[in-house]
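Have a look at the structure below, then the notes.
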Amino acid sequence: MKHFLLLFYCTLLFTACKETSTNDPNKLNIVTTTTIITDLVNNIGGDAVEVQGLMGSGVDPHLYKASEGDVSKLTRADVVFYSGLHLEGKLVDVFEKMGRNTNTIALAEVLDKKKLIGSEYFASSFDPHIWFNIKYWKQITVNLTQHLSELDPKNAELYNKNKDIYLKKLETLEAEVRETIASLPKEKRILVTAHDAFNYFGEEYGFDVVGLQGLSTATEAGVQDVQNLAELIIDKKVKAIFIETSVPKRTIEALQQAVKSEGFDVKIGGTLYSDALGNAGTEEGTYIGMFSYNVETIVNALK
């Protein structure tokens, strides 16, 4: 038994040393949670930072649990950036325990709570899907830049330059989004998805948003939920409903069948990115590309 324990601890030590050696001591070692936060940090940090994202494409942050490897990355990081507002619900306890030893920063905490959408599903009491309002994402961008500049003053000029470039891209995105949505008649702006990730989007761009599972994917839709939503779709003559990449598609497929059983045909208008970006290296693997793709998919399906 003693020999086994010795071997176990030696293996841990070797792994730790191996992980440490991959980190560039001249760069800020950053760990991020969601793909959306990872993309933002890469845009602002550029070559001055080394970023490790815990979650990949299609991963649901509401249900994500930290592995032993994640905890190792978190404890070795110079700073951990996460979204906050209890989006990463199952990681909160980990962050709280690490708080004294690791710099953990919830980027969404900078937002004015009086303007956020309330939610009983989250311990924060707010809907955490704030990235679907580009104005809020601009505030998050500025907040991140300030934190990076304080942590790494020698590269503050670079971070601020990258921030200015990125904010201009977000302004362009905002204009394009509004132009695309303007082509969709207001009475057709009813967005039905797997869960209520798009409330900030609906509030900002004039959509009625209905999610089958509510705000958190931790809640499950019952038969009555499906039936009630089916009736709404028929009543409003909604042309299309949408799957999400981070939520199993069976709930939306069940909804489609419930609608068809009542004699109304509703199509699945496509797959939207909600809590996670697309695959790395694709347009949808970036915040801007994801947002553009979602809007084009929604508008084209509902026209």
Side-chain angles (χ1 to χ4, degrees), residues 32-41 43-44 55 59-64 80-96 99 104-148 163 166-167 170-171 173-174 177-178 181 189-219 242 244 246-247 272-277 287-288 290-291 294-295 298:
T32 54
T33 52
T34 68
T35 53
I36 302 170
I37 295 294
T38 303
D39 175 65
L40 179 60
V41 174
N43 271 284
I44 306 305
M55 304 179 197
V59 173
D60 182 351
H62 300 293
L63 304 177
Y64 188 84
V80 177
F81 287 115
Y82 64 107
S83 192
L85 297 177
H86 218 76
L87 174 73
E88 304 96 337
K90 296 185 181 299
L91 289 177
V92 172
D93 289 340
V94 177
F95 293 149
E96 288 178 351
T104 56
I105 299 172
L107 291 172
E109 294 301 320
V110 72
L111 300 176
D112 184 352
K113 302 294 195 301
K114 294 178 182 178
K115 296 181 180 180
L116 298 183
I117 297 172
S119 169
E120 62 184 20
Y121 292 104
F122 293 89
S124 67
S125 298
F126 300 104
D127 180 345
H129 304 93
I130 46 83
W131 53 89
F132 282 123
N133 184 325
I134 298 172
K135 292 177 182 176
Y136 288 160
W137 204 239
K138 290 178 182 178
Q139 292 182 49
I140 298 295
T141 299
V142 173
N143 185 31
L144 171 65
T145 304
Q146 290 173 344
H147 282 297
L148 288 176
K163 175 204 68 179
Y166 194 64
L167 288 177
L170 292 180
E171 289 173 5
L173 173 65
E174 175 79 13
V177 164
R178 292 195 180 279
I181 291 173
R189 296 179 192 178
I190 302 174
L191 180 59
V192 179
T193 60
H195 85 298
D196 272 346
F198 293 87
N199 283 318
Y200 290 106
F201 175 85
E203 181 181 65
E204 185 65 19
Y205 305 108
F207 280 78
D208 290 330
V209 176
V210 187
L212 187 55
Q213 288 181 250
L215 282 171
S216 175
T217 55
T219 61
F242 300 89
E244 297 173 40
S246 56
V247 182
L272 304 180
Y273 296 93
S274 54
D275 292 337
L277 301 178
Y287 171 81
I288 291 174
M290 171 275 293
F291 211 114
N294 277 354
V295 171
I298 291 166

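Residue indices begin at 1 and follow the sequence shown.
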Query raised in the report: Is Thr32 reaching over with its side chain to a backbone N or O of Ile37, donor-acceptor style, under 3.5 angstrom?
Result: no
Do you know which two heavy atoms are closest between [X] and [Y], and how far apart they sit?
| X | Y | value |
| --- | --- | --- |
| Asp275 | Asp60 | OD2-OD1, 3.9 Å |
| Gly84 | Ala106 | CA-CB, 4.0 Å |
| Glu244 | Ser274 | OE1-OG, 2.6 Å |
| Leu107 | Ile140 | O-CD1, 3.2 Å |
| Leu85 | Pro128 | O-CB, 3.5 Å |

Requested in this report: Go through the structure and list residues passing side-chain hydrogen bond (donor to acceptor under 3.5 Å, both in side chains) with Thr33, not counting sequence neighbours.
Outcome: Glu88
Requested in this report: Output all residues satisfying side-chain hydrogen bond (donor to acceptor under 3.5 Å, both in side chains) with Lys138, sequence neighbours left out; order by chain, then residue number.
Outcome: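 With neighbours one apart ignored, the set is empty.
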Query raised in the report: Is the Phe198-Phe207 ring centre distance short of 6.0 angstrom?
Result: no
Report task. Could you tell me if the ring centre of Trp137 sits under 6.0 Å from that of Tyr287? Result ->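 That pair passes the under 6.0 Å test.
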Report task. Just say parallel, tilted or perpendicular for the rings of His147 and Phe81, cut-offs at 30° and 60°. Result ->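 Plane angle between 30° and 60°, so tilted.
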Report task. Tell me, yes or no, whether the heavy-atom count around Lys115 atom NZ, taken from other residues, nucleotides or ligands under 6.0 Å, exceeds 12. Result ->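 Open: at most 12 neighbouring heavy atoms sit under 6.0 Å from NZ of Lys115.
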Requested in this report: Going by the ring pair (Phe, Tyr, Trp, His ring centres under 6.0 Å) test, name the single residue among Phe126, Trp131, Phe132 that passes it with His129.
Outcome: Trp131
Query raised in the report: With a 4.5 Å limit on heavy-atom distance, are the side chains of Ile288 and Tyr166 in contact?
Result: yes
Query raised in the report: Got Asp127 and Leu116 here, is their nearest side-chain heavy-atom distance under 4.5 Å?
Result: no
Requested in this report: Determine, step by step, whether Leu277 and Thr38 satisfy the side chain to side chain contact (heavy atoms under 4.5 Å, CB included) criterion, reporting the C-alpha distance in whole Å, the side-chain angles of both residues, the deciding distance to 0.1 Å, and the verdict.
Outcome: CA-CA 10 Å; Leu277 301 178; Thr38 303; over 6 Å; no
